[in-house]
> 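This structure is in structure tokens; I'll ask about it shortly.
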There are 2 protein chains.
Amino acid sequence: MFFINATIDKRFIFVAEFVRNCQKSFFSVNPAFQQKGLPCAPDNSVTVMNLRFTIRPNEKLALRDPESSELGRKIVRQGLVLMHKIGYEHFTFRKLAAEIDTKEASIYRYFENKHRFLLYLLTWHWNIMEYTVIVSLRNIDDSVEKIRALIRIVANDAPDLDDETGLDRNALHGIAMAESSKVYLIKEVDEVNREQLFKPYKDLCGRIAGLFGEYAPTYPYPRSLASTVLEMAQLQPYFAHHLPALTDVGRDDDPDKLISFLENFVFSVLDKYAPKKN
Amino acid sequence: MFFINATIDKRFIFVAEFVRNCQKSFFSVNPAFQQKGLPCAPDNSVTVMNLRFTIRPNEKLALRDPESSELGRKIVRQGLVLMHKIGYEHFTFRKLAAEIDTKEASIYRYFENKHRFLLYLLTWHWNIMEYTVIVSLRNIDDSVEKIRALIRIVANDAPDLDDETGLDRNALHGIAMAESSKVYLIKEVDEVNREQLFKPYKDLCGRIAGLFGEYAPTYPYPRSLASTVLEMAQLQPYFAHHLPALTDVGRDDDPDKLISFLENFVFSVLDKYAPKKN
DNA sequence: GTTTTTTCGATAGCAAAACTATCATGTTTT
DNA sequence: AAAACATGATAGTTTTGCTATCGAAAAAAC
């Protein structure tokens, strides 16, 4: 009870929102009464009305829950940093094991392979993004302002909300930028999709599409526009940094041009279908 | 001389265009006089004014020119099909060698590794795309119509121009769709870029940006818009096929929705900056 | 028209990556 | 205290990615 603080407050909104929206697969909802548990437990769970909600990736993603042990947490935290540093292709469980002073097989007990590991990290990223969108937009009424705030978030120009995950948010953003397409551009995509493992990304995309639909109800391609914005928010800064001939947005230390590009793009497309102004 | 036909004619336009634009790295221009050579040789080269132009990827891409031998051609033709079939991750030189009844080391003599091989295939794709754009747009004056024709081409809804490359165009398109981002989303991107190996993609993107600039000279993000169109023309059909929640465009057998989506957003963005109509 | 390069394809092999089986120890449950 | 289970370490196997070498054949030089 003495744990009820600002963070919990945001969490509560988050949880309440998702409860309203019902089934969110990336929540593992544990309906067991939790008499002795603390409301904001070290495993990052929240107790609401005696129901325990854990803001955490789908458990099918990992063989064992990495948040349940010291080693598991080390694998995720340090693995995230290592992958950001050396890239997905060069990242191996062996190198990670050496770094955190354990053995390869121990990591394999948590994650089937490095592809699943990447997907686990990205699931964190997508969840955090959607959480940030929900929390940041909850007090905004004007749908133009909502979209503007949204674009700042996907362009990584919004302050990170407090969290106790201990994840390196910079590394997470770097991985989302450079590696995210590698989780779905694979031959096994349909199989993975059948396991619902892309749901967090789809939900994020769907939420953005919903905001577009709110502003311009008759626009026929809200989901395509949402995925375009999401992908371009990652890709354009990558191009700016490595292949500047492919873009006009500036380097990543200056997100203003990216935001201008995206805002201009989104509102140019939607304004024609917006009922009120213009 | 009896080889001068429609194809040669198109080639000539292509060559002349590039000669005008001077240095195109993806042409290997062999200035040696070619007295005994045929104008449209089996190696796909064209003789213009005693200069031999070869429409072919940058030679730095391959250790030996694959078009120069029977085995080399088999590697490219069959490798393209195999990679399309099993995907980049599962593709290995060993499997390809087994398929075409040769040995792994023989393939390594042509290509340093499978990443370079993929880049070689994509270079073909980008070259063919730019070639198609040039040839298809040469008789169109109206810049709106030019952009509309362009969108049909990038959306793979334009008839393939005749060529003698013998490449499986369907497989090439599939690889461009599912694997293209894997050539630049790597840690070595700057190194590869320094070798000019992304020039064909940049040139294609620059040409599209040029068309946008022609139509809307004051639009500040023509290159970003061009890369967005190129990327989305690949990604949206992929989503439609595998992750339909992320898109509103239909399945790949119906490109109309993709074209509508792309046309709608390109013209929505550009129209504000177009001087004439509106 | 031979000799000499050079190229070519094939054999073999190595090192790293990707995973798996087994086992001992330690911890939890009963 | 015993049984059940989870955990981490050891030691493999298979596949991938790549290299060194060698003999035959083709091309170039003389």
Side-chain angles (χ1 to χ4, degrees), chain A residues 32 36-37 43 59 61-76 78-79 82-83 85-120 179 182-183 186-188 191-192, chain B residues 32 36-37 42-43 59 61-79 82-83 85-120 179 182-183 186-188 191-192:
Chain A
K36 47 188 175 169
D43 72 344
E59 66 252 349
L61 256 172
L63 298 172
R64 295 196 200 298
D65 181 0
E67 297 301 311
S68 69
S69 77
E70 193 51 48
L71 181 65
R73 279 188 293 270
K74 252 172 108 176
I75 289 168
V76 173
Q78 298 261 95
L82 182 63
M83 191 183 287
K85 191 171 150 200
I86 65 177
Y88 179 73
E89 283 74 20
H90 297 295
F91 175 88
T92 69
F93 283 170
R94 200 168 293 214
K95 287 174 188 165
L96 176 57
E99 194 126 314
I100 61 179
D101 209 46
T102 183
K103 289 288 140 64
E104 203 184 358
S106 305
I107 302 177
Y108 273 103
R109 218 179 288 276
Y110 287 89
F111 295 100
E112 219 176 308
N113 52 51
K114 73 168 169 175
H115 182 262
R116 287 289 163 118
F117 181 62
L118 174 61
L119 189 46
Y120 182 89
E179 323 288 5
K182 292 169 194 168
V183 298
I186 51 164
K187 275 288 165 194
E188 299 83 3
E191 221 173 291
V192 177
Chain B
K36 48 188 174 170
D43 72 344
E59 66 252 349
L61 255 172
L63 299 172
R64 294 194 203 297
D65 181 359
E67 298 300 311
S68 68
S69 77
E70 194 51 49
L71 181 64
R73 278 187 294 269
K74 251 171 107 176
I75 289 168
V76 173
R77 270 61 179 177
Q78 298 261 93
L82 182 63
M83 190 183 287
K85 190 172 150 198
I86 65 177
Y88 180 72
E89 282 74 20
H90 296 295
F91 175 88
T92 68
F93 283 171
R94 204 165 289 206
K95 287 176 189 165
L96 175 57
E99 193 125 315
I100 62 179
D101 208 48
T102 183
K103 289 289 140 63
E104 203 184 358
S106 305
I107 302 177
Y108 274 103
R109 218 180 288 276
Y110 287 89
F111 294 99
E112 220 176 309
N113 53 50
K114 73 167 170 176
H115 181 263
R116 287 290 164 117
F117 181 62
L118 173 61
L119 189 46
Y120 182 88
E179 324 288 5
K182 292 167 193 168
V183 298
I186 51 164
K187 276 287 166 193
E188 298 83 2
E191 221 174 291
V192 177

> Please determine if a side-chain N or O atom of A/R64 lies less than 4.0 Å away from the OP1 or OP2 oxygen of D/dA6.
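Checking D/dA6 against A/R64, no side-chain N or O comes under 4.0 Å of OP1 or OP2.
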
> Can you check the A/I107 CD1 to C/dT20 P distance for me, whole Å?
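Interatomic distance, CD1 of A/I107 to P of C/dT20: 15 Å.
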
> Please report the distance, rounded to the nearest Å, between NZ in A/K103 and P in C/dA24.
17 Å

> With sequence neighbours excluded, tell me which residues meet side-chain contact (heavy atoms from CB on, under 4.5 Å) with A/K182.
A/Y88, A/E89, A/L118, A/E179, B/L185

> Would you indicate what B/Y110 reaches in the nucleic acid, counting non-hydrogen atoms under 4.0 angstrom: base, sugar-phosphate, or nothing?
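Sugar-phosphate only.
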
> Take atom CZ of A/F117 and atom C1' of C/dA18, then tell me their distance rounded to the nearest Å.
16 Å

> Which pair of non-hydrogen atoms, one from B/K95 and one from B/L82, has the smallest distance, and what is that distance?
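Minimum heavy-atom contact is C-CD2, 4.0 Å.
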
> Side-chain contact, heavy-atom cut-off 4.5 Å: A/Q78 with A/L96?
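Counting from C-beta outward, A/Q78 and A/L96 do come under 4.5 Å.
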
> In this structure, how many angstroms lie between the P atom of C/dA18 and the CZ atom of A/F111, rounded?
16 Å

> Hey, are the side chains of B/F111 and B/I75 touching, using non-hydrogen atoms and a 4.5 Å cut-off?
yes

> Without decimals, in angstroms, what is the distance between A/E70 CD and C/dT27 P?
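Answer to the nearest Å: 15 Å.
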
> Check A/L71 against A/Y110 and note the closest heavy-atom contact, atom names and distance.
CD2-CE1, 4.0 Å

> Closest heavy-atom contact between B/P66 and B/V76?
CB-CG2, 3.6 Å

> A/L71 has an atom CG; how far is it from atom P of C/dT25, in whole Å?
20 Å

> Can you pull every protein N or O that's under 3.5 Å from an N or O on nucleotides 15-21 of chain D?
residue, atom, partner, partner atom, Å
D/dT16, OP1, B/K95, NZ, 3.4
D/dG17, N7, B/R94, NH2, 3.2
D/dG17, O6, B/R94, NH2, 2.8
D/dC18, N4, B/R94, NH2, 3.3
D/dC18, N4, B/E104, OE1, 2.7
D/dC18, N4, B/E104, OE2, 3.3

> For A/D65 and D/dA6, what is the distance between atoms CG and P respectively, to the nearest whole Å?
14 Å

> When you measure from the side-chain N and O atoms of B/S106 to the phosphate of C/dA10, is any distance below 4.0 Å, counting only OP1 and OP2?
yes

